[in-house]
Protein chains: 2
Amino acid sequence: MEQENREIEEITIKDIARMCGVGVSTVSRAINNHPDINPETKQKVMDIIQKYGYIPNNSARYLKRMDGKCIAVLVKGLTNPFFAGAIKVMEDEIKKKKYSMVIRHVESDEDEVDVALELVKEKRLAGLIFLGGHFVHSEEKLSKLRIPFILSTVGEGPDGIRHDNYSTLSVDDEKEGYRMTDYLIRLGHRKIAVLAAGKEDVSIGRMRLMGYLRALREQGIEPDEGLICYMNPKLPSYSMENGYVLTRQLLDEGKEFTAVFAFSDTMAVGACRAIAEAGKRIPQDYSVAGFDGIELCSYYNPTLTTIRQPIQEIAEESVHHLFDLLDGKSSHQHKIFPGELLEQESTRAL
Amino acid sequence: MEQENREIEEITIKDIARMCGVGVSTVSRAINNHPDINPETKQKVMDIIQKYGYIPNNSARYLKRMDGKCIAVLVKGLTNPFFAGAIKVMEDEIKKKKYSMVIRHVESDEDEVDVALELVKEKRLAGLIFLGGHFVHSEEKLSKLRIPFILSTVGEGPDGIRHDNYSTLSVDDEKEGYRMTDYLIRLGHRKIAVLAAGKEDVSIGRMRLMGYLRALREQGIEPDEGLICYMNPKLPSYSMENGYVLTRQLLDEGKEFTAVFAFSDTMAVGACRAIAEAGKRIPQDYSVAGFDGIELCSYYNPTLTTIRQPIQEIAEESVHHLFDLLDGKSSHQHKIFPGELLEQESTRAL
């Protein structure tokens, strides 16, 4: 087997031994810090190893040390500032555990579980964290992922099925969508446009929309299909550009509304720009609200009202929980974190 | 050697062979897609392999396939939206070459070359791209990195030394710093506050500052030390918060100025917020300009004047050049890309 598969010109332990004029077992003792070796010989071996860049690659020990202690974070939407802070926290926490971390960006048209299966094969991961994304996969497919994995910032979804083969740590997107809509209604808004996820979305976007609809209905407001704007699938998901294009369309079509609830802060920023370009003011002419609570909300002009997700806490607990799973200290769980309504300058009472 | 280092309970090719009731060479033929194997036997072997998650880990072929074809991208400032677009482009280009990509975040207090040396050891990389950062390292230290590497978006620095052991692809930061300052002077501004990098910076921040000073002096304006604001080292580098705090300080101290030139768009956004909070308007009371050309510049209120770096092009060419180096088709080079002055709403003529 070893011989059959040698396809590359790679320096071997035998080459090192020959160059040093010692036996293979001596080289092995040098590498493994074995006490039973002459210090000068050891130095000579290590010098040659360094010079030729030899890596003891065919030992299981090497693979275990290098690949086994690795956690992968698969990010759907790497350019989303909402995730940037989470990645940093996860990296810190994973480092504390003396594991290494691999970040992998998942394209919006890629299947994250396929990407994960490939990564597991390549990197021999200990565990996986999915950050963001639309998580709708068959139990059968998920069962192929034979390492512990966690969904961070994404909940179980609207299918009502209880998943016990993975964990989720997130806000309750339906409840938070309701919270913001209810807040806008209490401010006196009845015509609330919503910048939603894609029409086919069955993940967080769908949950937030369900919350929006429930809030309207509870207050006796009939939802207006014309005010539900689904993201343009040809533009980046949850992007400023998407929010801009959708809002511009609403304004161009002369739709009547007094508030815009965007399902991400970045889309809310795009909405604000479209409104400003139309010569209208926020919040005097239109109230605008976002979702996520990214840093920009406090620096935009005007500052943006939003639902703040406790992203640092979610990220930290995601890593801790993953290690509890690895250590057998915990089983899979679905933890809900409360969001927080951040009232800023972009919304006003009618 | 193989025996000595077996520290983990790992399924081996022998175990697979035993479970299938075939010889090791048959398992090997199945794995390697050898034609000389009964299809049914092959299926059986592959089923068992899949069931037990066996990876032919002790073969050089495996290591070459999995680790040798990997490019690492080390990002200083992962949360910086300026880099987010670059990472996506690099990932796409690297994927086209059928290599895998590892992203590693470098903390602002970490030494990127130390991080790189560690990664090279762990992952057996083919090449490295440093994205961003302060690149000041001794030739001796750099020589330890025995794989081709590239600095993307960071030039050679102000030391005047020609580096021929690595490549750089970037704008000319001195020239672009000059370009923006000269533009503001031509608009009639003479008291131009600058939100610079850290005081000790000897990388892109220093270069931009040199350009700023040259533009002032060429127009006969004596630089005012009180208008040169160095980033607070306790706050995240080039962040909105840093720009906000510096500008607020300028305003609180009653410093006289009519324009702010921030060395990143994110700092410019912080400056805008501080000015708005002080009840002043942009550009009527203060002109504000940034650097980088991130997407937000076109969505902020007002839209931000900036130096647009051709980040997509730099990222794409960085990957292409790295592969040219790997293929022996090119030697190291220092390529300069032109920046572009993007005039938007945040600046005005006095």
Side-chain angles (χ1 to χ4, degrees), chain A residues 1-2 4-8 10 12-13 24-25 27-28 32 53 55-64 66-68 78-81 84-85 87-88 91 100-105 107 120-124 146 239-241 243-244 269-270 272-273 276 282 295-296 298-303, chain B residues 1-2 4-8 10 13 24-25 27-28 31-32 50 53 55-64 66-68 78-81 84-85 87-88 91 100-105 107 121-124 146 239-241 243-244 269-270 272-273 276 282 295-296 298-303:
Chain A
M1 178 72 180
E2 288 294 320
E4 279 177 54
N5 288 330
R6 286 207 72 82
E7 288 174 6
I8 51 168
E10 178 89 22
T12 67
I13 191 166
V24 165
S25 62
V27 177
S28 171
N32 292 301
I55 296 165
N57 59 17
N58 50 1
S59 76
R61 180 186 60 83
Y62 168 74
L63 282 168
K64 172 163 179 171
M66 295 312 174
D67 293 321
L78 189 63
T79 55
N80 187 338
I87 292 171
K88 218 187 136 329
E91 199 164 42
S100 69
M101 168 171 147
V102 168
I103 308 167
R104 174 69 154 76
H105 178 222
E107 300 282 340
V120 169
K121 217 166 61 181
E122 279 180 22
K123 309 275 178 201
R124 297 176 24 113
R146 275 165 319 191
S239 62
M240 296 182 202
E241 192 183 1
Y244 172 83
V269 162
C272 288
R273 185 69 217 155
I282 303 163
E295 190 187 18
L296 180 57
S298 301
Y299 292 98
Y300 198 75
N301 243 338
T303 53
Chain B
M1 179 71 180
E2 287 294 320
E4 279 178 52
N5 287 328
R6 286 208 72 83
E7 289 174 6
I8 50 170
E10 179 87 21
I13 191 167
V24 165
S25 62
V27 177
S28 171
I31 292 168
N32 292 301
Q50 219 198 344
I55 297 167
N57 58 18
N58 51 359
S59 74
R61 180 186 61 82
Y62 168 75
L63 282 167
K64 168 158 183 178
M66 296 312 177
D67 293 322
L78 190 63
T79 55
N80 187 338
I87 292 170
K88 217 186 138 328
E91 199 165 43
S100 69
M101 169 173 148
V102 169
I103 307 167
R104 173 70 155 76
H105 178 222
E107 300 281 340
K121 217 166 60 182
E122 278 181 22
K123 308 276 178 202
R124 295 174 29 111
R146 276 167 316 191
S239 62
M240 296 182 201
E241 193 183 0
Y244 172 83
V269 162
C272 288
R273 185 69 217 156
I282 303 162
E295 190 188 18
L296 180 57
S298 301
Y299 292 98
Y300 197 75
N301 246 337
T303 54

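By convention in this document, chain letters (A, B, ...) are assigned in the order of the sequence lines, proteins followed by strands, and residues within each chain are numbered from 1.
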Between B:N301 and A:C272, the two heavy atoms sitting closest are ND2-O, 4.2 Å
If I take atom CD from residue B:E295 and atom CD from residue A:E241, how far apart are they, to the nearest 0.5 angstrom? 6.5 Å
Closest heavy-atom pair, B:Y299 versus A:Y300, reported as atoms and distance to 0.1 Å, is O-OH, 2.5 Å
Report which part of A:I282 has an atom under 4.5 Å of a heavy atom belonging to chain B: side chain, backbone, both, or neither. neither
Part of B:T303 within contact of chain A (heavy atom distance under 4.5 Å): both
